[in-house]
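Contents: one structure, followed by commentary.
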Amino acid sequence: MLAVVKSKPEVGIEIMEVPKPRPKNDEVLVRVEACGICGTDLHFYEWVDHARWITLPRILGHELVGEIAEVGNQVKGLKVGQRVVTETWGGCGLCYYCRLGRFNSCQNQLRIGQHSDGGMARYVAIPAVSIFPIPDSISTGDAAVLEPLGVALHALERCELKPGDDVAILGPGPIGLLATQLVKQSGAALIFIAGLEEDTHRLSFAEKWGGIPINISRESLRDRVIQMTAGQGVDLALEMSGGKGALDAAVQITKPGGQIAIVGLGTPGMFDFNQMVHKEITLYACWRRQPSTWYRAINLVKEGRLQVGEVVTHKLPLIQAEEGFKALLDRQAIKVLLLPED
Ligand SMILES: [Zn+2]
Ligand SMILES: [Zn+2]
């Protein structure tokens, strides 16, 4: 089968023939329908310093949707033909944190597309514990972005968004854009979404979904938010950019007693600690998802509450993967799906 492989410790990817995987006793074999290219995959492509934990050679991809083609001997409750999505690491279910229900802190993580082969291929073997069945009514595009939707949704599971709250989202990447739909559906009043000059295309999507785009290369985020909230600031800021100074901006635009959810991984030490104390801001650090997040995300999409598949700007055959990576690096694309062919 054809696969997108990271085989060398340098910039780039390779598209090559590899053997079809076989599931272990506790795994299922998934026939991949589509696999999204994530920001993490871009880091592997560019071979940036902080992405070098990946073990090579490795088939990339963790944002996948597909159908179960085979089940391991010990797998219960899953069957061939079921349509599924997958968590991106195997919570072992047995370690201290898994037993506390903190699957996102599992001590025996096996990250798909990083420590085990991923979904940018026709078939991928996945631990059964990571699998979530989905109904056939969910479109390929919607299903393939359930994983990044889950990152945004987990932030809302952590903090307390109330109907009528004003919200600011920093960073119009796929997760920030999906958060725009999500906070609107959750009853947010004003929804600001901040990005840079090169994000203009992305900000236009946010505007379509009810967000107020703010290009911070051209105008002051603080001034605009303060002016539009009658001098108060927002109830909740979602930091989804990891940008230098983004957390500091979040502290500045959040009202006293408000909340900040940090999702983006940024530069340490980049915010005004004193202002946060004076305002008694509650800070929520949000890491990946929990199983509960998947069930909520699947429910919202199944019931047509969100049109998350609209972030998919490109669907390419797997053999054109390189084109997809480049479209994302140039910010021409928002979410790219790779479709394996037989
Ligand atoms: Zn991802
Ligand atoms: Zn565990």
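In each ligand, atom 1 is the first atom listed, and ligand 1 is the first ligand listed. Sequential numbering from 1 along the given sequence is applied to the chain's residues. Worth knowing before you read on, the calculation uses all heavy atoms, side chains too, and leaves out hydrogens, waters and symmetry mates.
Aromatic pair Trp53/Phe44: centroids less than 6.0 angstrom apart.
The shortest non-hydrogen separation linking Phe205 to Glu310 is CE2-O, 3.4 Å. For the pair Thr293 and Gly150, the tightest heavy-atom approach, listed with the atom from each and the gap, is CG2-O, 3.2 Å.
For the Zn ion (ligand 1), the nearest N, O or S atom contributed by Glu63 is named OE2.
In this structure, the side chain of Lys279 engages the main chain of Thr254 through a donor-acceptor pair within 3.5 Å.
At the Zn ion (ligand 1), the angle from NE2 in His62 to SG in Cys38 is 100° when rounded to 10°. The angle that Cys98 SG and Cys95 SG make at the Zn ion (ligand 2), rounded to 10°, works out to 110°.
Not one N, O or S atom of Asp41 sits under 2.8 Å from the Zn ion (ligand 1).
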